Amino acid sequence: MGAEEGGGTDVLRDRREKLERLKDAGIEVFPHEFPEREDIAEVRAAHEGLAPGIETESRHRVAGRIVARRGHGKACFLDLRDGSGQIQLHAREDLLGAEPYGLLVDLDLGDMIGVEGTALATERGGELSLAIDRWRLLAKSLRPPPDKFHGLEDVETRYRHRELDLLANEESRRIFTLRARAIAELRRWLDDRGFVEVETPVLQPLYGGALARPFVTHHNALDRDFYLRIATELYLKRLVVGGIDRVYELGKDFRNEGVSHKHNPEFTMLEWYEAYADYGKTAHDFELMVAEVAERVLGTTKVERGEVTIDLTPPWKRVTLRDAIREHAGVDIAEHPTREALAATMDSEPDPAEGWGKLVDGLLAKSVEPELIQPTFLLDYPVELSPFAKAHRAEEGLVERWEAFIGGVEIANSFSELNDPDEQRRRFEQQAAELARGDEEAQPFDEVFLEALEHGMPPTGGVGLGIDRLVMMLTGARSLREVVLFPAMRS
RNA sequence: GCCCCCGUAGCUCAGUUGGUUAGAGCGGCGGCCUUUUAAGCCGCGCGGCCCGGGUUCGAGUCCCGGCGGGGGCACCA
């Protein structure tokens, strides 16, 4: 039966028995430390290019997990891995002594040990190895690790037990270290330009800043409901009002919606706001930022994604939303400015609850978005879809907004931020009407935010970047779940 | 929420038109071996096929329901 039943499969029982044997032999099975150790990568670096057959006198002390073993009687090879890399150990009975050697050989794959020995390059393969003369158990593994050759392929286990995925799959380790580096580079880019990183509430009395359904939770002492934020937008703009001219926040947003290869209910968002900038400036900065991050993390701005090579080199393609829909859906939304007119161009009658804006959004999502493989800015959205964006300076009925697409996925959204409090109030009223009509994604009325705008917010450009999706693009991952350590799963 | 596909040893997988005691490699266990590198050599299945019903002389194989996963639709970043 499975391990969970505790019925004691033989593999588990064997490991338990070994644990007892080690304890009986007086070995401390879970010691507290192993000091003055080197990263395996450092040892490798120190002996790069060592010629086959050369045995050095250079001593090293390393620790890690036993990931493979090749036995040969009175000698054997072990592969030891730590967070930095992997190295081969040559264990010989004559160097270790009969009893320590016997105990070492009897360890299980997955056990953690610390060792000391001298560096050599093997005669045949020239592989850097440590001929060890001391070892110590650092932690016993009581469960068998995944297959050392095939790795762990079962996607459910990979997502539910990411520790095993990381243990077994090099590619997974690569993705998550790359993710961390990309995030560090994004921060650095903003920090270098004087942006101030802040933290605003995750638990909010009122949600806002995006069109989405929120998660609701309850505060016991205050006896009231709170919302998990769907965006950081409104708080960050209040900080711009307060005089933080360049501000950003990197953190989790939560949206109560379906799960898919590009949606997780909690996801990482980077939002930044720059006073005195507009959406043209944010677009220019954004393409530079992404290209620079790619260059620093991948060493190139050209990333492979299946059959295609995506070129992140600026400038990216810019096309108005109207032109994009005209090109890909064959409909000119400007010539069909009412719901009735636009609905008439469609094959089937759309949901009556969907207004003109929703229909435009539908055309965008269905016909346009999947086609935007190379980095593309779509510009100038209908005001109906954008309650926080400033009216277009030249085009009636549109706002100054762009969304950036890569690989057929939206990765960022930006506006010239609406800073006229009276206009913002009218937008909220419009949204409140939508909400009352049953649109659960409409924006609730936020009086506190309006009051802040009434104090005066400078003209401002703001951007929201989906970190998980960006990392997908940088790594070539096909699913968000490949770049989120513990994606949402059913219990 | 709907549709399609999938669920066999610790891991990776095979299991013919339903038919004798369910198989392989890795791992494990036992033995032999001081330079192997996915993997030294020899020997041993260590699971009863996600769960619960049903059809049948007989079910891993067919049917129904459930649980879990993947893909698609819908929706969104």
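All of these numbers come straight from a predicted model, not from anything done at the bench. Here is how names work: the chains are called A, B, and so on, in the same order as the sequence lines, proteins then strands, and each is numbered from 1.
When the P atom is compared between G19(B) and U34(B), the two are found 49 Å apart, to the nearest whole Å. A distance of about 23 Å separates the P atoms of C46(B) and G52(B), rounded to the whole Å. U37(B) sits 13 Å from G27(B) when the P atoms are compared, rounded to a whole Å. C26(B) and G18(B) have their C1' atoms separated by 31 Å, with the value rounded to a whole Å. Rounded to the nearest Å, the gap between the C1' atom of G65(B) and that of G72(B) is 24 Å. Spacing of P atoms, G60(B) relative to U20(B), comes out at 10 Å, to the nearest Å. Between the P atoms of U8(B) and C50(B), the separation comes to 6 Å (whole Å).
For the pair Leu228(A) CG and A77(B) P, the interatomic distance rounds to 18 Å; values are reported in whole Å. Note: CG (Leu164(A)) to P (G10(B)) measures 14 Å, nearest angstrom. Atom CD in Glu153(A) sits roughly 13 Å away from atom C1' in A38(B) (whole-Å rounding). One can place CD1 of Ile54(A) at 19 Å from P of U35(B), the figure rounded to the nearest angstrom. Between the CG atom of Asp94(A) and the P atom of C33(B) there is a distance of 15 Å, given to the nearest Å. In this structure, CZ of Arg401(A) is placed 11 Å from C1' of A77(B), rounded to the nearest angstrom. In this structure, the OH atom of Tyr159(A) is 12 Å from the C1' atom of G71(B), given to the nearest Å. Whole-Å rounding puts the His90(A) NE2 to U35(B) C1' distance at 5 Å.
Using a 4.5 Å heavy-atom threshold, the side chains of Leu378(A) and Val319(A) count as touching.
The side chain of Leu480(A) lies closest to A77(B), out of A74(B), A77(B), G25(B). Distance from the side chain of Leu109(A) is smallest for G27(B) among the nucleotides U12(B), U35(B), G27(B). Considering only the side chain of Lys358(A), C75(B) comes nearest among U12(B), A38(B), C75(B). Of the listed nucleotides (C11(B), G69(B), G28(B)), C11(B) has the atom at the smallest distance from the side chain of Leu152(A). Which of G25(B), G10(B), U35(B) sits closest to the side chain of Glu55(A) comes down to U35(B). Picking from G28(B), G69(B), G40(B) the nucleotide with the shortest atom distance to the side chain of Arg70(A) gives G40(B). Checking U34(B), C11(B), U37(B) against the side-chain heavy atoms of Arg92(A) singles out U34(B) as nearest. Checked against A77(B), G25(B), A74(B), the side chain of Lys366(A) finds its nearest nucleotide in A74(B). Here the nucleotide nearest the side chain of Asp14(A), chosen from U12(B), G28(B), G27(B), is G28(B). The nucleotide whose nearest atom lies closest to any side-chain atom of His261(A) is, among G72(B), A77(B), G70(B), G72(B).
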Protein N or O to nucleotides 1-5 of chain B N or O, pairs below 3.5 Å:
none

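Nucleic acid contact class of Arg481(A) (heavy atoms, under 4.0 Å, all strands): sugar-phosphate only. In this structure, Gly125(A) reaches the bases: a heavy-atom distance under 4.0 Å links it to at least one base atom across the strands shown. Asp253(A) comes within contact range of no nucleotide atom at all, as no heavy-atom separation falls under 4.0 Å. If you check every strand for non-hydrogen atoms under 4.0 Å, Gly73(A) touches a base. Within 4.0 Å of Asn256(A), counting heavy atoms only, lies no atom of the nucleic acid at all.
Side-chain contact annotation: Ser414(A) with Thr282(A), donor-acceptor N/O pair under 3.5 Å present.
Between Phe77(A) and His90(A), the two ring planes are parallel [angle under 30°; tilted spans 30° to 60°].
Base pairing of C46(B): its partner is G27(B), meeting the Watson-Crick or G-U wobble criterion (both donor-acceptor distances under 3.5 Å). Applying the Watson-Crick and G-U wobble criteria (two distances, each under 3.5 Å), U56(B) pairs with nothing in any strand. When both distances must be under 3.5 Å, the Watson-Crick or G-U wobble mate of C73(B) is G1(B). Searching all strands for a Watson-Crick or G-U wobble partner of C33(B) with both distances below 3.5 Å returns nothing. Using N1 to N3 plus N6-O4 or O6-N4 for Watson-Crick, or N1-O2 and O6-N3 for G-U wobble, each under 3.5 Å, U21(B) pairs with nothing.
Listed by chain and residue number, Lys252(A) satisfy the salt bridge (charged side-chain N to carboxylate O under 4.0 Å, His left out) test with Glu266(A) (two or more places apart in sequence, or in another chain).
With its glycosidic angle within 90° of 0, G48(B) is assigned syn.
In this structure, Phe267(A) forms an aromatic stack with the base of A77(B), since both conditions hold: centre separation below 5.5 Å and plane angle below 30°.
Of the possible donor and acceptor atoms, none in the side chain of Tyr227(A) sits under 3.5 Å from a partner among the backbone N and O of Phe215(A). For the pair Arg469(A) (side chain) and Glu410(A) (backbone), a donor-acceptor distance under 3.5 Å is present. Using a distance-only test at 3.5 Å, with no hydrogens or angles considered, no donor-acceptor pair links the side chain of Asn264(A) to the main chain of Val484(A). Between the side chain of Glu93(A) and the backbone N or O of Ala75(A), no donor-acceptor pair lies under 3.5 Å. Side-chain atoms of Arg305(A) come within 3.5 Å of backbone N or O of Ala477(A) as a donor-acceptor pair.
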Any chance you could lay out the side-chain contact (heavy atoms from CB on, under 4.5 Å) test for Thr56(A) and His47(A), step after step, and finish with the verdict?
CA-CA 9 Å; Thr56(A) 76; His47(A) 297 284; 4.1 Å; yes
Derivation of the side-chain contact (heavy atoms from CB on, under 4.5 Å) call for Arg427(A) and Gln431(A):
CA-CA 6 Å; Arg427(A) 302 276 187 91; Gln431(A) 288 290 316; 5.6 Å; no
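The phosphate of G27(B) has OP1 or OP2 within less than 4.0 Å of a side-chain N or O from Lys148(A). Distances shown here put every side-chain N or O of Arg255(A) at or beyond 4.0 Å from the OP1 or OP2 atom of C75(B). For Arg490(A) and G69(B), the shortest distance from a side-chain N or O to OP1 or OP2 is below 4.0 Å. Within the structure, every side-chain polar atom (N or O) of Lys74(A) is placed at least 4.0 Å from both OP1 and OP2 of C32(B).
Each of Gly71(A) and Ala75(A) was matched to the nucleotide of RNA chain B holding its nearest heavy atom; the match closer to the 5' end belongs to Ala75(A). Position along RNA chain B of the nearest nucleotide to Gly362(A) versus His72(A) favours His72(A) as the more 5'-ward residue.
For G28(B), its base never sits under 3.5 Å from the side chain of Asp108(A) at any donor and acceptor pair. At a cut-off of 3.5 angstrom, counting only N and O atoms as typed in the model, there is no donor on one side facing an acceptor on the other between the side-chain of Ser129(A) and the base of U35(B). Side-chain atoms of Glu127(A) come within donor-acceptor range of the base of U37(B), with a qualifying N/O pair under 3.5 Å.
Within 6.0 Å of CZ on Arg16(A) lie no more than 12 heavy atoms contributed by other residues, nucleotides or ligands.
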